[in-house]
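Single-structure report; data block below.
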Amino acid sequence: MWAVVDRPLVAEGLTKHFGEFVAVDGISFSVEPGQTFGVLGPNGAGKSSTMKMVSTVSPRTGGCLQVFGLDPETDGRQIRSRLGVVPQEDILDVDLTARENLMIYQRYFGVPWKQTRAKADQLLDFMQLGDRGDSKVEPLSGGMKRRLTIARALVNDPEMLLLDEPTTGLDPQARHLLWERLYRLKEQGVTLLLTTHYMDEAEQLADRLVIMDNGVIVAEGSPSELISKHTTREVVELRFDDDEHNAAGLAQVASEAGLRIDELPDRHLVYANDGDALITHLRASGVHPLGTYVRRSSLEDVFLTLTGRSLVE
Amino acid sequence: MKALGAGPLPVFERNAVAFRNQWWVLLSGVAEPILYLLGMGLGLGGLVGDVKLEAHLVSYPVFVAAGLMASSAMNGAIFESTFNFFFKMKETHTIDAMLYTPLRMRDVLLGEVGWSVARGGVYSAMFLVIALAFGTIESWWAALSLPSAILIAIVFSSMGTFFTTYVRTWADFDLMQLAILPMFMCSTTFFPLSVYPGWAHPIVQATPLYNGVALIRDLHTGLVGWHDVGHVLYLVLMGVLFAWLTIRRMSNLFFA
Ligand SMILES: Nc1ncnc2c1ncn2[C@@H]1O[C@H](COP(=O)(O)OP(=O)(O)OP(=O)(O)O)[C@@H](O)[C@H]1O
Ligand SMILES: [Mg+2]
């Protein structure tokens, strides 16, 4: 016998239909304890649908799903008691103050009244809302509401925290504060499952991630694995005047070297491991761009490569 | 193993905490039936004289006060279970947030219905005190009119909640007003059943408010009989039926 690590989350062939529409189409992934697991994907990819199935508020249509080794369909309460959920929308209680939000939410988890105040204050401090405890929800800024929603998701000291686009709509300061707090939770051993549209966020936070598109997983790995697997080390951005000659020359050079080109309205992207060498080679071949820019490949390049550049809707 | 939530109680508490800033709405809940009692009961009562209930004569203020106590229970319960519940369900999604915790749908609904029953109960308790002050209570049976009012509140809470699950926009509540207002006027609140033509009797008698009014009137006057068991049974059945329908419907709505 060998010891089986208790994975907080295992999905196999997980499917979600809304009527005829297939929102999640048989995805399989698993999350290790203490890991930060990212889910990337364009609008409508099925990220929130997946999160809702994991948080037990939406029944799966098919496949297997285990959270803490339990089945959401039959053990929803047990799962929810160990889970923290930050939904895509802040659904805070607008009739209550920030502190009351945190106190009442503890009551939903069965915490006795007299213990709720101290925990609420501790969480307000942790999320840098210490001076806003008596404020109603409405006057809080977007970033504060988001932080309060995260504080609320922590009232039960969850073993796993689900964050559906935790930083969408926040300014850079608020995002960095959140990232820092999420790091601290990770250090405390909390497993994080987060969706995001921000590649830098995924690169910063996620140990492992999946990219979803149209309800399926199109790539999986650590951010660096994904970059090395799906794109080159560097990307060269080239601008030309309208001269056909240059574009044709570029196509010629790239096809000889086996490099992939992305033609955008205003520039060409060439995926190469050594950008400077490519530019030298281009010049030698009589291709003269107006401007060149060499940068490291990012997760964004992987994302756009895999999910396409056009809007889905 | 962590404790798994505390059942419906925290949902009730949540509403109580939120209510601390709105307690003054209770004033309108008690002012309205007092105005009716003064205007209709005492004002119109002078013209109408006594009302014949089966073989007995009942003074008009006594007649109206019983109807108003039942309607208070209805109004309090309906207000919470429709407007306020809709707000929490569709506008602020407070209900969705509850479902991410160990609370189950039935805990949430029991807490919500319990809260609106409490409001209906408080309205009718306040009115009972007023009725005592006006001397419209004629029997010790009236002690049972408060639990009866709570039963009425349970029926209207569960009906109101059920209706609200079908409401799409605030305008849909006008439909409800269309049902509530005639029921308020015609469930023998202000006129005895005998003023209606024979064919209308079964219609009036089928409404939940009629059964509530008739029950409370019998308790206030002491004219209690076996038919009151019928009223109680009717109200219990309606309460259970709509509570069950609501839980079923909400589970389908939320766990999609
Ligand atoms: N309750 C529902 N009924 C019908 N269709 C739904 C429902 N919820 C989601 N969908 C559809 O399922 C698809 C996936 O939606 P989902 O919310 O999971 O996407 P997402 O990846 O979270 O997108 P976004 O980045 O915009 O939040 C979408 O096409 C959406 O319209
Ligand atoms: Mg989403």
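The chains referred to below are lettered A, B, ... by the order of the sequence lines, with proteins before strands, and numbering in each begins at 1.
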Looking at Arg77(A) and Pro102(B), would you say the former's side chain and the latter's main chain have a donor-acceptor pair under 3.5 Å?
yes
For Tyr105(A) and Ala97(B), indicate whether the former's side chain and the latter's backbone hold a donor-acceptor pair under 3.5 Å.
yes
Could you tell me whether Arg14(B) and Asp95(A) have a side-chain N and a carboxylate O separated by less than 4.0 Å?
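Salt bridge flag = yes for Asp95(A) with Arg14(B).
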Look up atom CD1 in Ile91(A) and atom CD in Glu91(B), then write down how far apart they are to the nearest 0.5 Å.
14.0 Å
Reported CG-to-OH distance for the pair Asn156(A) and Tyr100(B), which is rounded to 0.5 angstrom:
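If I round to the nearest 0.5 Å, the distance is 14.5 Å.
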Would you check if [X] and [Y] make a side-chain contact, meaning some heavy-atom pair closer than 4.5 Å?
{"X": "Glu13(B)", "Y": "Met103(A)", "result": "no"}
{"X": "Val17(B)", "Y": "Ile104(A)", "result": "yes"}
{"X": "Arg107(A)", "Y": "Leu9(B)", "result": "yes"}

Going through the distances and angles, do Glu89(A) and His93(B) end up as a side chain to side chain contact (heavy atoms under 4.5 Å, CB included)?
CA-CA 10 Å; Glu89(A) 317 288 338; His93(B) 296 284; over 6 Å; no
Can you say whether Leu92(A) sits under 4.5 Å from chain B via the side chain, the backbone, both, or neither, judging by heavy atoms?
backbone
Given that the side chain runs from C-beta out, which part of Val57(A) has a heavy atom under 4.5 Å from chain B: side chain, backbone, both or neither?
both
Do other residues, nucleotides or ligands put more than 12 heavy atoms under 6.0 Å from Lys52(A) NZ?
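12 or below, so no.
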Step through the shown structure and confirm whether more than 12 heavy atoms of other residues, nucleotides or ligands are within 6.0 Å of CZ on Arg106(B).
no
Positions in residues 167-185 of chain B that reach chain A, provided some heavy atom is under 4.5 Å away:
none
Which bit of Phe87(B) comes within less than 4.5 Å of chain A, counting heavy atoms only: side chain, backbone, both or neither?
side chain
Heavy-atom pairs under 4.5 Å with chain A - which of Asp96(B), Asp107(B), Thr94(B) has more of them than the others?
Thr94(B)
Stepwise side chain to side chain contact (heavy atoms under 4.5 Å, CB included) test for Phe109(A) and Leu103(B)
CA-CA 8 Å; Phe109(A) 282 88; Leu103(B) 294 176; over 6 Å; no
Any pair with a residue in residues 123-145 of chain A that passes side chain to side chain donor-acceptor pair (under 3.5 Å), sequence neighbours left out, goes on the list, sorted by first then second residue, please.
Arg99(A)-Asp134(A)
